[in-house]
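Worksheet for the structure shown next.
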Amino acid sequence: MSLYCGTACRRKFFWCYRLLSTYVTKTRYLFELKEDDDACKKAQQTGAFYLFHNLAPLLQKSEHQYLAPQYSLLELERLLGNFGQDSQILEDSVLIGCSEQQEAWFALDLGLNSSCSINASLQKAEMETALQGSFIKLTKALFELNVKDASLLSTAQALLRWHDAHQFCSRSGQPTKKNVSGSKRVCPSNNIIYYPQVAPVVITLVSDGTRCLLVRQSSFPKGMYSALAGFCDIVLIGESLEETVRREIAEEVGLEVDRLHYSASQHWPFPNSTLMIACHATVKPGQTELQVNLRELEAAAWFSRDEVATVLRRNNPSNQQHSGAVPFWLPPKLAIAHQLIKEWVEKPTCSPLPA
């Protein structure tokens with residue numbers, strides 16, 4: 001009898017935990033909104049909207065960072081009415097997340113080409129004045145956003161861009177239709193379903209044991225160095241992540257990987273929607289001579305742990321360019337490249353796996 005009661009109590013505790021788990025509750029709720037159009041429409045009534053214009057989010061400046069304002073459905077309908085726009089544009093909104101209290105979050109672009117779009121620059125300026133903010137390119141603002149807004153706006157931009165670029169079926173050529181949440185598009189003529197996709201990219205910090213290899217591309221901001229990065233090769237369909245790491249390093253700096261291990265991953269909205277897969281790689285100490293591929297890179301060099309640690313402590317690009325205190329700077333903290341470099345500095349004894 002006592003054994004049965006103990007088992008029953010443990011089961012009750014287990015199910016209470018499952019019912020009260022915030023993460024599980026949020027995940028199940030978002031799944032319901034993605035799959036159930038009626039549930040998603042209902043969520044819009046009490047949800048919050050982030051606004052974009054031609055993929056640039058609406059932001060407000062607050063001291064040393066940007067904030068992304070939210071708007072209710074009622075506020076948004078009033079705004080559209082003031083500018084003579086049809087509320088039908090709300091059908092273009094996409095679901096991008098929810099709060100722990102199950103307030104759904106959506107993103108809506110007011111400037112992408114559609115029958116209801118707001119294209120006039122004058123109207124855009126008037127909207128910015130009315131909303132007390134500015135539509136700013138995400139590439140410019142990303143590192144001045146808090147972590148929550150940066151993540152949500154990155155997701156939103158990637159999803160809005162995907163829908164804008166996939167409005168027709170590749171098989172029939174007919175227009176596709178978005179579901180309410182924006183989790184998919186369907187071709188009415190043949191029922192083919194299209195889902196948003198991400199491109200896998202490896203980003204690798206190469207080390208010879210005491211130094212790490214940092215590189216820069218001509219497209220980087222002035223003075224910034226980072227880890228090597230490259231897409232999984234679409235020509236070599238079936239290429240594994242390990243093979244991509246080895247190939248990219250061989251192609252770009254002429255080195256052969258001895259050992260590597262996985263670190264972490266991050267969604268990244270540039271240039272389109274990508275999944276950044278971060279790795280550490282080591283090369284043999286006697287095989288470190290660089291042969292830089294100038295078609296891919298502008299520069300590449302080895303740096304000691306002390307040099308990199310110094311840059312990490314002073315990693316403020318605006319200050320460095322004026323003071324000349326350090327010869328280069330690193331990607332900001334939000335970027336997984338920064339975390340990869342910081343990890344190498346702080347954990348020099350990571351145990352790598354054979355490549």
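Judged purely by atom type and a 3.5 angstrom limit, Q266 uses its side chain to pair as donor or acceptor with the backbone of L334. Between the side chain of E346 and the main chain of E343, no donor-acceptor pair closer than 3.5 Å is present. For the pair H280 (side chain) and H261 (backbone), a donor-acceptor distance under 3.5 Å is absent. For E248 (side chain) and C232 (main-chain N/O), no donor-acceptor pair under 3.5 Å exists by modelled atom type. Under a 3.5 Å cut-off, the side chain of S273 and the backbone N or O of P269 do not form any donor-acceptor pair. Side-chain N or O atoms of Q339 include one that pairs as donor or acceptor with a backbone N or O of K333 at under 3.5 Å. At distances below 3.5 Å, not a single donor-acceptor pair connects side-chain atoms of S62 with backbone N or O atoms of Y66.
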Cut-off 3.5 Å, no hydrogens considered: what does the side-chain donor-acceptor table look like for residues 284-298, sequence neighbours left out?
unit_1, atom_1, unit_2, atom_2, d
N293, OD1, R295, N, 3.0
N293, ND2, E251, O, 3.3
E298, OE2, R216, NE, 2.7

Output a table of donor-acceptor pairs, distance under 3.5 Å, between side-chain atoms of residues 179-191 and any protein atom two or more places apart or on a different chain; print 'none' if there are none.
unit_1, atom_1, unit_2, atom_2, d
N179, OD1, G182, N, 3.0
N179, OD1, S183, N, 3.0
N179, OD1, K184, N, 3.2
N179, ND2, K34, O, 3.2
N179, ND2, S181, OG, 3.3
N179, ND2, S183, OG, 2.9
S181, OG, K34, O, 3.4
S181, OG, S183, N, 3.3
S181, OG, S183, OG, 3.2
S183, OG, K34, O, 3.3
R185, NE, H166, O, 3.0
R185, NE, T176, OG1, 2.8
R185, NH1, H163, ND1, 3.0
R185, NH2, T176, O, 3.0
S189, OG, S172, OG, 3.3
N190, OD1, I192, N, 3.0

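Residues forming a side-chain contact (heavy atoms from CB on, under 4.5 Å) with P175 (at least two apart in sequence, or on another chain): F168. Considering only residues two or more places apart in sequence or on other chains, Y50 meets the ring pair (Phe, Tyr, Trp, His ring centres under 6.0 Å) condition with none of them. In terms of the side-chain contact (heavy atoms from CB on, under 4.5 Å) criterion, residue partners of P196 (sequence neighbours excluded) are, by chain and number, L159, W162. Applying the ring pair (Phe, Tyr, Trp, His ring centres under 6.0 Å) criterion to F52, with sequence neighbours excluded, gives no partner residue. Residues forming a side-chain contact (heavy atoms from CB on, under 4.5 Å) with S151 (at least two apart in sequence, or on another chain): none. Judged as a ring pair (Phe, Tyr, Trp, His ring centres under 6.0 Å), and not counting sequence neighbours, Y71 has no contacts. Evaluation of the side-chain contact (heavy atoms from CB on, under 4.5 Å) rule for F31 yields E35 as partners, not counting sequence neighbours.
Sorted by first and then second residue, the salt bridge (Lys or Arg N to Asp or Glu O under 4.0 Å) pairs involving residues 56-72 (not counting sequence neighbours) are K61-E144. Under the side-chain hydrogen bond (donor to acceptor under 3.5 Å, both in side chains) criterion, no residue pair touches residues 130-139, with sequence neighbours excluded. Pairs engaging residues 198-208 under the salt bridge (Lys or Arg N to Asp or Glu O under 4.0 Å) rule: D208-R211 [sequence neighbours left out].
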* Hey, mind stepping through R247 and E239 against salt bridge (charged side-chain N to carboxylate O under 4.0 Å, His left out) and telling me if it holds? -> CA-CA 10 Å; R247 175 183 55 75; E239 184 178 56; 2.6 Å; yes
* Decide side-chain contact (heavy atoms from CB on, under 4.5 Å) for L241 and V202; before the verdict, give the C-alpha distance in whole Å, the side-chain angles of both, and the deciding distance to 0.1 Å. => CA-CA 7 Å; L241 295 176; V202 294; 4.0 Å; yes
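Neither Y194 nor V94 shares a network with the other; the hydrophobic side chains, linked directly or stepwise wherever heavy atoms of I, L, V, M, F, W or Y lie under 4.5 Å apart, form separate groups for each.
Between A299 and Y225 the shortest heavy-atom distance is CB-OH, 3.6 Å.
For the pair R314 and W329, the cation does not sit on the ring face, since its NZ or CZ is not both under 6.0 Å from the ring centre and inside 45° of the axis.
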